[in-house]
Amino acid sequence: MNLTERDIDRIIEMAWEDRTPFEAITYQFTMPEQEVIKLMRREMTPSSFKMWRQRVQGRATKHQKLRTFAQGRFKCSRQKQITNNSISKR
């Protein structure tokens, strides 16, 4: 899979967002959860990756099947303003 730097930054951004499920990343980038984890491990510092894994492990909002709310897609009011992800180690 050939991803641009912009795609990688967006995937990292989506993975950090609490309410964006892995299924949304798979739908948009055809990248399954395990590949997202590999990308995060590769692109982030070890301490940032460890912190991210602790946040998402078992989090119901990161897996569509575990969600309890019936509302549609959540969109942060600041979402359009987010650019150039500073979380990645580039």
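- Counting all heavy atoms, side chain and backbone alike, Arg53 lies closest to Ile37 at NH1-CD1, 3.4 Å.
- Atoms CE and CH2, from Met44 and Trp52 in turn, are 7.5 Å apart once rounded to the nearest 0.5 Å.
- Between the NZ atom in Lys50 and the CZ atom in Arg41 there is a gap of 11.0 Å [rounded to 0.5 Å].
- Arg10 has no carboxylate O lying under 4.0 Å from a charged side-chain N of Glu43, or vice versa, which leaves the two without a salt bridge.
- Rounding to the nearest 0.5 Å gives a distance of 8.0 Å between CZ of Phe49 and CE of Met40.
- Residues that satisfy the salt bridge (charged side-chain N to carboxylate O under 4.0 Å, His left out) test with Lys38, not counting sequence neighbours, are Glu35.
- Put simply, CD on Glu33 and CD1 on Ile25 are 9.0 Å apart, with the number rounded to the nearest 0.5 Å.
- Between atom CG of residue Leu39 and atom CG of residue Leu3 there is a gap of 7.0 Å, rounded to the nearest 0.5 Å.
- A donor-acceptor pair under 3.5 Å is absent between the side-chain atoms of Trp16 and the main chain of Ile11, judged by distance alone.
- Residues Thr30 and Pro32 share a closest heavy-atom pair of O-CD, 3.9 Å.
- Counting only distance, with no hydrogens or angles, the side chain of Thr26 and the backbone of Phe22 share a donor-acceptor pair below 3.5 Å.
- The CE atom of Met14 sits 11.0 Å away from the CG atom of Asp7 when rounded to the nearest 0.5 Å.
- The minimum heavy-atom distance between Ala15 and Val36, with the atom names listed, is CB-CG1, 4.2 Å.
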